[in-house]
S.K.: 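Attaching a single structure in structure tokens format; questions to follow.
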Amino acid sequence: MITMKRAIKNQFQINENKCLAVLLLELGFFLAGMLLLAIMMRFAIDEGEGTFPLATILAAFAGAVFLFANFGEDYTSQFHTQISMGCTRKEFFVSVLLKHLVLSAFGMVILLVLGAAEDALNVRLYPMEEPEFAIFPILLRYGIAAVLGLPAAAALFGALCNRFGQTVRVVFIILWMMFWLGLPRVTDAILESETEGQAVFQGIAKGIMAVPSGMWPVVGVLAFLLALGGAWRLMRTQQVN
């Protein structure tokens with residue numbers, strides 16, 4: 001029987017290069033974002049319109065997508081193999097979760113460094129432009145919720161994929177496409193539209209922003225526990241192929 005300590009050690013040995021992958025991915029998108037912003041400031045953005053932290057936003061998006069995809073895949077690709085080799089469901093679940101929390105925290109630390117660097121660089125590179133907002137305080141505010149939420153959401157997604165197969169992936173892709181296709185409409189409703197939808201979306205946005213910064217860790221913990229509870233309930237009764 002594999003012990004908990006051994007299961008945790010195995011998880012980190014199997015994925016020892018993922019920290020480097022996260023670092024290179026986020027750094028690469030950050031540099032690409034800095035270059036893209038420089039081109040936009042030169043050719044597309046009029047003087048006086050200000051700057052925005054495009055590089056860190058791109059790095060955060062790329063890191064989140066990469067980690068979520070890898071985290072969800074771990075639960076589907078490793079579950080049957082490791083349980084068949086003597087690892088209990090509890091040992092597998094805890095070891096994978098700990099690995100994901102470490103990787104998620106590592107990715108957030110990189111983003112904090114990049115966010116602070118971009119805030120400072122934009123002031124130096126574009127001294128005549130006022131920044132629209134600083135990204136570093138936002139990362140600090142939502143960092144704990146993101147570090148906890150990403151692994152928990154991936155655990156629930158992976159457990160659902162194990163239980164219901166490709167149907168879950170299809171539904172997820174449809175929802176993902178609906179989100180990105182509908183996002184511009186939501187933004188327009190918040191910023192410009194005079195319809196009733198404007199009030200609804202503005203109310204949601206104001207409600208989110210009204211949450212005190214000290215409450216976001218609590219929100220993150222609650223979402224973390226709910227998602228993990230659902231994932232564990234599915235996984236403990238999952239049949240091994």
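Positions are given from 1 along the sequence.
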S.K.: Report yes if some heavy atom in the side chain of Y142 is under 4.5 Å from a heavy atom in the side chain of M108; otherwise report no.
M.R.: no

S.K.: Could you tell me whether a side-chain N or O of T81 sits under 3.5 Å from a main-chain N or O of Q78, the two making a donor and an acceptor?
M.R.: no

S.K.: So that I can tick it off, tell me whether R124 and D119 are bridged by a salt bridge, with the cut-off set at under 4.0 angstrom between side-chain N and carboxylate O.
M.R.: no

S.K.: When rounded to the nearest 0.5 angstrom, what distance separates CD1 in I57 from CD1 in I138?
M.R.: 7.5 Å

S.K.: Please check this pair: side chain of R89 against backbone of M235, looking for a donor-acceptor N/O pair closer than 3.5 Å.
M.R.: yes

S.K.: Please report the interatomic distance CG(L111) to CZ(F106), rounded to the nearest 0.5 Å.
M.R.: 10.5 Å

S.K.: Is there a chain of hydrophobic side chains (I, L, V, M, F, W, Y, each step under 4.5 Å between heavy atoms) that links V109 to V22?
M.R.: no

S.K.: Looking at L67, V102, D74, L23, which hits side chain to side chain contact (heavy atoms under 4.5 Å, CB included) with K18?
M.R.: D74

S.K.: Going by the side chain to side chain contact (heavy atoms under 4.5 Å, CB included) test, name the single residue among I135, T56, L140 that passes it with L112.
M.R.: L140

S.K.: Would you say L226 and V147 are hydrophobically clustered, going by side-chain heavy atoms of ILVMFWY under 4.5 Å?
M.R.: no

S.K.: According to a 4.5 Å side-chain heavy-atom criterion applied to Ile, Leu, Val, Met, Phe, Trp and Tyr, with indirect links allowed, do L225 and V96 form part of one hydrophobic cluster?
M.R.: yes

S.K.: Hey, is the main chain of E73 close enough, under 3.5 Å, to the side chain of S77 for a donor-acceptor pair?
M.R.: yes

S.K.: Could you check, using the six-membered ring where one of them is a Trp, whether F68 and H100 have ring centers closer than 6.0 angstrom?
M.R.: no

S.K.: Where do L54 and E118 come nearest, in terms of heavy atoms and distance?
M.R.: N-OE2, 3.3 Å

S.K.: For T51 and E129, does a side-chain donor sit closer than 3.5 Å to a side-chain acceptor?
M.R.: no

S.K.: Can you confirm whether the side chains of R163 and T237 place a donor and an acceptor under 3.5 Å from each other?
M.R.: yes

S.K.: Does a side-chain heavy-atom distance below 4.5 Å link R233 with L228?
M.R.: no

S.K.: Within a 6.0 Å radius of atom CZ on F29, are there more than 12 heavy atoms belonging to other residues, nucleotides or ligands?
M.R.: no

S.K.: Parallel, tilted or perpendicular: which one describes the rings of F93 and W232, with boundaries at 30° and 60°?
M.R.: tilted

S.K.: State, with a plain yes or no, whether a side-chain heavy atom of L234 is found less than 4.5 Å away from one of L160.
M.R.: yes

S.K.: Could you tell me which non-hydrogen atom of A227 sits nearest to which non-hydrogen atom of A153, and how far apart they are?
M.R.: CB-N, 4.4 Å

S.K.: Under a 4.5 Å side-chain heavy-atom rule over Ile, Leu, Val, Met, Phe, Trp and Tyr, are L27 and F61 clustered together?
M.R.: yes

S.K.: Check A21 against F66 and note the closest heavy-atom contact, atom names and distance.
M.R.: CB-CZ, 4.0 Å

S.K.: Could you tell me which non-hydrogen atom of G158 sits nearest to which non-hydrogen atom of T76, and how far apart they are?
M.R.: O-CG2, 3.7 Å

S.K.: Can you find a pair of side-chain heavy atoms, one from F52 and one from L37, that are under 4.5 Å apart?
M.R.: yes

S.K.: Any chance the side chains of E91 and T88 put a donor and an acceptor closer than 3.5 Å?
M.R.: yes

S.K.: Evaluate the criterion side chain to side chain contact (heavy atoms under 4.5 Å, CB included) for residue pair L35 and M40; output intermediate values, then yes/no.
M.R.: CA-CA 9 Å; L35 178 60; M40 293 173 64; over 6 Å; no

S.K.: Do the two ring centres, one from F172 and one from F157, sit under 6.0 Å apart?
M.R.: yes

S.K.: Please report the shortest heavy-atom distance between L101 and P151, naming the atom on each side.
M.R.: CD2-CG, 3.9 Å

S.K.: Taking the side chain as every heavy atom from C-beta outward, state whether V113 and F30 have any atom pair closer than 4.5 Å.
M.R.: no

S.K.: Taking M41 as the starting point, is it possible to reach L31 by hopping between hydrophobic residues whose side chains are less than 4.5 Å apart?
M.R.: yes

S.K.: Show the nearest heavy-atom pair for residues C161 and V168, with the distance to one decimal.
M.R.: SG-CG1, 3.9 Å

S.K.: In Å, rounded to the nearest 0.5 Å, how long is the span from CZ of R169 to CD1 of I174?
M.R.: 14.5 Å

